[in-house]
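The structure appears right after this line, and notes come after that.
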Amino acid sequence: MSSFCTRSGGTIIWVAPQREAGPILPLIREMGSPESANDFHRRLIEGNIPADLNVFGISYIMQVVFFKELAEKFNVIHVTEGLTPEQVRMMKFSYSPDLQEAINALSKKIDRADVAIFPSGGNILPLVR
């Protein structure tokens with residue numbers, strides 16, 4: 001996962017189509033809440049699961065904790081076709097309609113960068129040396 005090899009404050013470009021936002025809107029709304037990742041996690045451990053998330057399994061709900069942590073630690077640019085810019089901003093991420101635009105916008109802010117590309121990034125654990 002990119003979070004294991006990105007410096008705090010660094011940028012992650014996350015490309016995921018998410019062609020249908022409807023089913024995950026409750027998760028997106030929860031990601032946008034002012035509650036920190038730690039506070040939300042603590043609430044889950046205490047059994048205080050938000051009512052609109054009860055239809056999801058706990059492993060799916062834990063994604064909210066993961067994405068809140070990403071937003072707290074990194075600048076995340078989300079390239080997606082299925083979510084609106086408003087929904088992506090609700091997640092506390094930046095929106096880009098396509099990968100090239102995300103790269104172009106980032107290259108205007110950063111002169112030089114170390115880059116790693118992770119196909120199927122959610123399914124790997126990188127070895128950082």
Side-chain angles (χ1 to χ4, degrees):
M1 289 193 248
S2 56
S3 61
F4 292 128
C5 58
T6 303
R7 290 180 188 98
S8 184
T11 299
I12 295 170
I13 299 176
W14 174 38
V15 182
Q18 295 167 313
R19 289 187 174 85
E20 191 177 341
I24 63 168
L25 282 176
L27 295 168
I28 291 171
R29 279 193 293 274
E30 198 61 51
M31 285 180 228
S33 74
E35 190 172 30
S36 73
N38 284 339
D39 289 344
F40 182 74
H41 193 198
R42 188 174 306 111
R43 184 159 54 115
L44 294 178
I45 290 169
E46 293 168 355
N48 186 4
I49 298 172
D52 60 339
L53 298 185
N54 279 328
V55 297
F56 299 98
I58 192 64
S59 61
Y60 211 70
I61 296 169
M62 286 300 296
Q63 292 297 310
V64 174
V65 175
F66 174 73
F67 286 121
K68 280 179 167 283
E69 288 172 343
L70 281 181
E72 291 169 3
K73 189 172 179 183
F74 308 105
N75 171 36
V76 179
I77 301 172
H78 189 15
V79 178
T80 182
E81 352 172 305
L83 301 180
T84 66
E86 293 77 24
Q87 290 166 333
V88 172
R89 283 191 288 275
M90 191 184 306
M91 297 166 69
K92 300 182 180 152
F93 296 161
S94 299
Y95 170 83
S96 184
D98 63 67
L99 180 57
Q100 190 60 56
E101 186 173 310
I103 292 168
N104 292 346
L106 190 55
S107 67
K108 290 177 185 174
K109 296 178 184 177
I110 301 173
D111 294 340
R112 184 178 131 347
D114 294 324
V115 177
I117 299 172
F118 299 110
S120 301
N123 298 323
I124 62 164
L125 292 173
L127 176 61
V128 180
R129 297 175 193 221

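Keep in mind that what you see is a predicted model, and the values were worked out from it rather than measured.
Although no hydrogens or angles enter the test, the distance criterion places a donor-acceptor pair under 3.5 Å between the side chain of S107 and the main chain of N104. At least one donor-acceptor pair under 3.5 Å links the side chain of Q87 to the backbone N or O of T84. One N or O on the side chain of S96 and one on the backbone of A102 form a donor-acceptor pair closer than 3.5 Å.
Taking 4.5 Å as the limit, some side-chain heavy atom of L44 sits within range of a side-chain heavy atom of M62. Taking the side chain as every heavy atom from C-beta outward, S2 and F74 never approach each other to under 4.5 Å. Side-chain contact check for R42 versus N48: every heavy-atom pair is 4.5 Å or farther apart. Between L27 and L53 the shortest side-chain heavy-atom distance falls below 4.5 Å. Residues Y95 and T80 are in side-chain contact: their nearest non-hydrogen atoms beyond the backbone lie under 4.5 Å apart.
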Exercise. Apply side-chain contact (heavy atoms from CB on, under 4.5 Å) to D114 and R112, showing your working.
Key: CA-CA 7 Å; D114 294 324; R112 184 178 131 347; 4.1 Å; yes
Quiz prompt | Verdict with reasoning, F56 to I49, per side-chain contact (heavy atoms from CB on, under 4.5 Å) | solution = CA-CA 10 Å; F56 299 98; I49 298 172; over 6 Å; no
Quiz item: What's the verdict on salt bridge (charged side-chain N to carboxylate O under 4.0 Å, His left out) for R43 and E46, showing C-alpha distance, side-chain angles and the deciding distance?
Solution: CA-CA 5 Å; R43 184 159 54 115; E46 293 168 355; over 6 Å; no
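Two different hydrophobic clusters hold L99 and V76 under the rule that ILVMFWY side chains link at heavy-atom gaps under 4.5 Å. F66 is connected to I61 through a chain of hydrophobic side-chain contacts under 4.5 Å among Ile, Leu, Val, Met, Phe, Trp and Tyr, so both are in one cluster.
Inspection of the K68 and S33 side chains reveals an N or O donor paired with an N or O acceptor under 3.5 Å.
Checked against the 6.0 Å centroid criterion, the rings of W14 and F67 qualify as a close aromatic pair.
Between H78 and F93, the ring planes lie perpendicular to each other; the angle is over 60°, past the 30° to 60° tilted range.
Within the model, atoms CD1 of I103 and CD1 of I110 stand 12.0 Å from one another, a figure rounded to the nearest 0.5 Å.
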